[in-house]
Amino acid sequence: VQLVESGGGSVQAGGSLRLSCAASGYPYSLYCMGWFRQTPGQEREGVATMDRHGQSHYADSVKGRFTISQGSAANTLYLQMNSLKPEDTAMYYCVADRVRCGSWLWYEYNIWGQGTQVTVSS
């Protein structure tokens with residue numbers, strides 16, 4: 001399975017960005033897809049996950065500002081990020097799992113994209 005992210009960029013505080021993730025190389029519906037982020041010197045942090053039934057989980061730091069959603073095509077995922085803050089600046093990674101969902105432990109996900117950079121300036 002390969003995950004490819006897109007949609008990162010630079011924006012001023014209060015702005016919005018939409019990240020996309022597309023999976024390829026897997027003929028079935030992935031059980032879980034989600035987003036993690038990482039800043040230099042910090043551990044990867046869970047942002048949001050969604051299982052194939054549509055149940056979502058959000059980190060407290062993004063609740064009310066970020067929205068995770070599934071695309072109409074199988075194994076596609078979006079992250080709508082509104083009211084962005086400088087502390088949201090990070091490399092954002094799409095993750096996936098075939099059997100479980102909702103964990104904030106990055107090492108429990110064995111399928112990762114290459115990442116897309118999000119930079120929010122004050």
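Judged as a side-chain hydrogen bond (donor to acceptor under 3.5 Å, both in side chains), and not counting sequence neighbours, the contacts of Glu108 are Ser103. By the side chain to side chain contact (heavy atoms under 4.5 Å, CB included) test, Ala74 pairs with no residue at all, sequence neighbours left out. With sequence neighbours excluded, the residues satisfying side-chain hydrogen bond (donor to acceptor under 3.5 Å, both in side chains) with Gln38 are Arg44. The side-chain hydrogen bond (donor to acceptor under 3.5 Å, both in side chains) check on Gln55 picks up nothing, with sequence neighbours excluded. The side chain to side chain contact (heavy atoms under 4.5 Å, CB included) check on Glu87 picks up Lys85, with sequence neighbours excluded. In this structure, the salt bridge (charged side-chain N to carboxylate O under 4.0 Å, His left out) partners of Arg37, at least two apart in sequence or on a different chain, are Glu45, Asp88. For Asp51, there are no side-chain hydrogen bond (donor to acceptor under 3.5 Å, both in side chains) partners, not counting sequence neighbours. With sequence neighbours left out, the side chain to side chain contact (heavy atoms under 4.5 Å, CB included) criterion links Ser56 to Met50, Tyr58, Ile68.
Remark: the backbone N or O of Val120 is paired with a side-chain donor or acceptor of Thr89 at under 3.5 angstrom.
Annotation for Trp106: hydrophobic cluster partners, listed by chain and number, are Phe36, Met91, Tyr93, Val95, Leu105, Tyr107, Tyr109, Trp112 (ILVMFWY side-chain heavy atoms under 4.5 Å, direct or chained).
Among pairs with a residue in residues 4-19, none fulfils salt bridge (charged side-chain N to carboxylate O under 4.0 Å, His left out), at least two apart in sequence or across chains. Counting only residues at least two apart or in different chains, disulfide bond (SG atoms under 2.5 Å apart) contacts with residues 48-91 are absent.
Closest non-hydrogen pair, Ser121 versus Pro86, comes out as C-CG, 4.5 Å. Residues Ser6 and Thr116 share a closest heavy-atom pair of C-OG1, 4.4 Å. Between Trp104 and Thr49, the shortest heavy-atom contact is CZ3-CG2, 4.0 Å. The two residues Ser16 and Asn82 come nearest to each other via the heavy atoms OG-OD1, 2.9 Å.
Within a 6.0 Å radius of CD in Gln2, other residues, nucleotides and ligands contribute 12 heavy atoms or fewer.
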Inset, instruction - Quick one: do Met81 and Val62 satisfy side chain to side chain contact (heavy atoms under 4.5 Å, CB included)? Show the steps, please. - result: CA-CA 9 Å; Met81 305 185 294; Val62 306; over 6 Å; no
**Request:** Give the C-alpha distance, both sets of side-chain angles, the deciding distance and a yes or no for side chain to side chain contact (heavy atoms under 4.5 Å, CB included) between Phe66 and Leu17.
**Result:** CA-CA 10 Å; Phe66 291 11; Leu17 284 172; over 6 Å; no
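To the nearest 0.5 Å, the span separating CZ on Arg52 from SG on Cys101 amounts to 10.5 Å.
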Can you give each donor-acceptor pair under 3.5 Å made by side-chain atoms of residues 20-34, sequence neighbours left out, with the distance rounded to 0.1 Å?
none

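Counting heavy atoms from C-beta on, the side chains of Val118 and Leu19 come closer than 4.5 Å.
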